[in-house]
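In the text below, chain A, chain B and the rest are named by the order of the sequence lines, each starting its count at 1.
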Protein chains: 2
Amino acid sequence: MTPEMIASELRGELMAGVLRPGTDLSQVELAERFGVSRIPIRDALRILAGEGLVDIVANRGAKTISLTPKEVREIYDLRILLECDCLQRAAAAMTPANLEEIDRVRLKSNLDAGGPDWADGDWAFHRVIYTLAGRRRQLAMIEALRRTCVLFVSAYGTMPSKKPRWLGEHDAIVKHLRRGETEQAVLALQVHLDGAATHLLTHMKASTG
Amino acid sequence: MTPEMIASELRGELMAGVLRPGTDLSQVELAERFGVSRIPIRDALRILAGEGLVDIVANRGAKTISLTPKEVREIYDLRILLECDCLQRAAAAMTPANLEEIDRVRLKSNLDAGGPDWADGDWAFHRVIYTLAGRRRQLAMIEALRRTCVLFVSAYGTMPSKKPRWLGEHDAIVKHLRRGETEQAVLALQVHLDGAATHLLTHMKASTG
DNA sequence: TTGAGGGTTAATGTATACATGTATACACTT
DNA sequence: AAGTGTATACATGTATACATTAACCCTCAA
């Protein structure tokens with residue numbers, strides 16, 4: 001049980017909605033649970049804090065992040081900025097073989113839609129596209145932002161209600177890419193992300209106020 | 001000496017060029033130097049790793065980051081994306097009082113130009129503008145990216161050679177903002193950052209190969 | 001000479017014990 | 001009765017000691 005493994009485990013629970021936003025993360029509890037001392041737990045919490053999933057306050061412990069609607073909106077705006085740029089760069093380097101691969105991943109990810117692994121499948125689709133841009137840091141930043149979103153999406157669990165819409169938008173993006181309509185593909189991605197943001201914000205405001 | 005204080009101290013040395021890119025950071029050495037045990041040192045290193053200034057490899061220690069020219073280019077591209085967007089949002093919310101404040105900071109920062117505090121002054125100028133956008137996370141991301149750049153800029157120390165150019169570009173940005181020419185201000189910022197990237201890359205390639 | 005193997009050394013990683021800081025509850029003052 | 005102060009309990013922070021890993025060097029054989 002290395003700190004990385006512990007961080008990975010906690011990250012999974014965070015993103016699956018098991019640990020809801022704002023949950024206290026006690027060092028002693030986690031140490032008992034993972035069967036280690038508090039030292040590697042502290043390391044794991046620092047790792048997660050570095051990823052922006054956990055807030056650490058000196059002498060007062062760690063808790064999972066808790067975002068205001070305004071912050072959620074900002075994060076989605078950042079994703080739009082970074083992901084649309086990534087898509088544009090990817091489109092410039094895209095080959096027919098890439099397009100086939102993308103559509104294969106899309107169809108496979110559709111099978112996960114609505115289920116517990118939906119977030120993974122969705123990300124697999126987006127990632128296979130973004131990877132073509134050859135931008136490691138940008139991809140890492142996008143993934144970090146996406147994780148914080150997933151934490152909240154899972155906590156509210158209302159995405160399946162619009163499953164056909166999300167899948168249709170994925171389809172639209174691929175169609176535009178096939179036709180070489182980069183601008184429209186980028187626009188479709190922007191609409192896709194903006195719609196997800198609006199959807200999440202609606203449910204956040206409705207449930208907590 | 002809390003981990004935060006230690007991290008802050010090391011961050012300063014990194015950005016001042018005292019600790020050059022790729023330097024090994026021994027826990028025992030740092031512990032002796034700061035007069036604490038290795039535990040708070042480990043915490044400090046994790047904090048810096050979260051900021052992207054230090055790379056930690058399990059069982060093999062920590063070292064200051066070392067970037068390839070390709071990565072430097074990517075980071076500047078990300079800065080262009082995030083900072084231009086920030087400037088655009090800031091321009092939309094800008095009042096005459098804000099413009100005066102910005103020019104005041106600009107003039108003050110000119111005094112630091114070429115000296116050891118140049119990076120601070122430069123950032124003060126950019127930050128006073130970006131803050132108006134009201135985007136905390138975006139600003140934090142920009143600052144993190146900027147820090148990694150400063151680390152390399154300091155290490156090569158060739159920025160003063162083009163001092164008039166950088167100051168002139170700051171001036172141009174403010175002039176465009178004054179006239180309400182947002183698009184041109186954004187373009188000027190893009191040119192400013194791209195020029196800095198090109199300058200740094202030229203010297204990186206020339207000195208190390 | 002070169003390459004593989006093992007042993008030594010020095011670093012990091014972890015556990016335990018102790019120190020410090022924070023929160024809660026209760027008594028006390030106003 | 002409300003607020004403040006204090007004591008106690010509990011969580012986090014740190015130091016020391018030990019375990020473990022990795023790097024380095026030396027030996028030995030091809």
- Note on the structure: Hits for side chain to side chain contact (heavy atoms under 4.5 Å, CB included) against Met5(A), two or more places apart or cross-chain, chain-then-number order -> Met1(A), Thr2(A)
- Task: Shoot me the first and last contacting nucleotide of DNA chain D against chain B, ordered 5' to 3', at under 4.0 angstrom to non-hydrogen atoms.
- Result: dT14(D) to dA23(D)
- Any side chain to side chain donor-acceptor pair (under 3.5 Å) pairs touching residues 17-28 of chain B, not counting sequence neighbours? Gln27(B)-Arg38(B)
- Counting only side-chain N and O atoms of Gln27(B), is one of them less than 4.0 Å from OP1 or OP2 of dG13(C)? yes
- Task: Could you name each residue pair satisfying salt bridge (Lys or Arg N to Asp or Glu O under 4.0 Å) that touches residues 117-133 of chain B, not counting sequence neighbours?
- Result: none
Ignoring hydrogens and angles, write down the donor-acceptor pairs under 3.5 Å from the side chains of residues 45-58 of chain A, residues two or more places apart or on other chains.
unit_1: Glu51(A); atom_1: OE1; unit_2: Arg11(A); atom_2: NE; d: 2.8
unit_1: Glu51(A); atom_1: OE1; unit_2: Arg11(A); atom_2: NH2; d: 3.3
unit_1: Glu51(A); atom_1: OE2; unit_2: Arg11(A); atom_2: NH2; d: 2.7

- Within residues 188-197 of chain A or reaching into it, pairs that qualify as salt bridge (Lys or Arg N to Asp or Glu O under 4.0 Å) - sequence neighbours excluded: Arg73(A)-Asp194(A)
- Query: Closer to the 5' end of DNA chain C via nearest nucleotide, is it Asn59(A) or Leu25(B)?
  - Reply: Leu25(B)
- Pairs flagged by salt bridge (Lys or Arg N to Asp or Glu O under 4.0 Å) wherever residues 96-116 of chain B is involved - sequence neighbours left out: Glu101(B)-Arg104(B), Asp103(B)-Arg106(B), Asp103(B)-Arg178(B), Arg106(B)-Asp171(B)
- Interface with DNA chain D, restricted to residues 32-55 of chain A and to heavy atoms under 4.0 Å: Arg38(A), Arg42(A)
For residues 141-150 of chain B, tabulate all N or O donor-acceptor pairs below 3.5 Å that involve a side-chain atom, not counting sequence neighbours.
unit_1: Glu143(B); atom_1: OE2; unit_2: Trp123(B); atom_2: NE1; d: 3.3
unit_1: Arg146(B); atom_1: NH2; unit_2: Ala119(B); atom_2: O; d: 2.7
unit_1: Thr148(B); atom_1: OG1; unit_2: Leu145(B); atom_2: O; d: 2.7

- Message: Could you work out how much the helix from dT1(C)-dA30(D) to dT30(C)-dA1(D) bends, comparing the axis of its first five pairs with that of its last five, to 10°?
- Response: 20°
- Message: Using the ring-ring contact (aromatic ring centres under 6.0 Å, His included) criterion, which residues pair with Tyr130(A)? Sequence neighbours excluded.
- Response: His126(A)
- Query: Listed by chain and number, what are the side-chain hydrogen bond (donor to acceptor under 3.5 Å, both in side chains) partners of Thr158(B), not counting sequence neighbours?
  - Reply: His199(B)
- Query: Hey, are Asp77(B) and Arg135(A) close enough for a salt bridge, meaning a charged N less than 4.0 Å from a carboxylate O?
  - Reply: yes
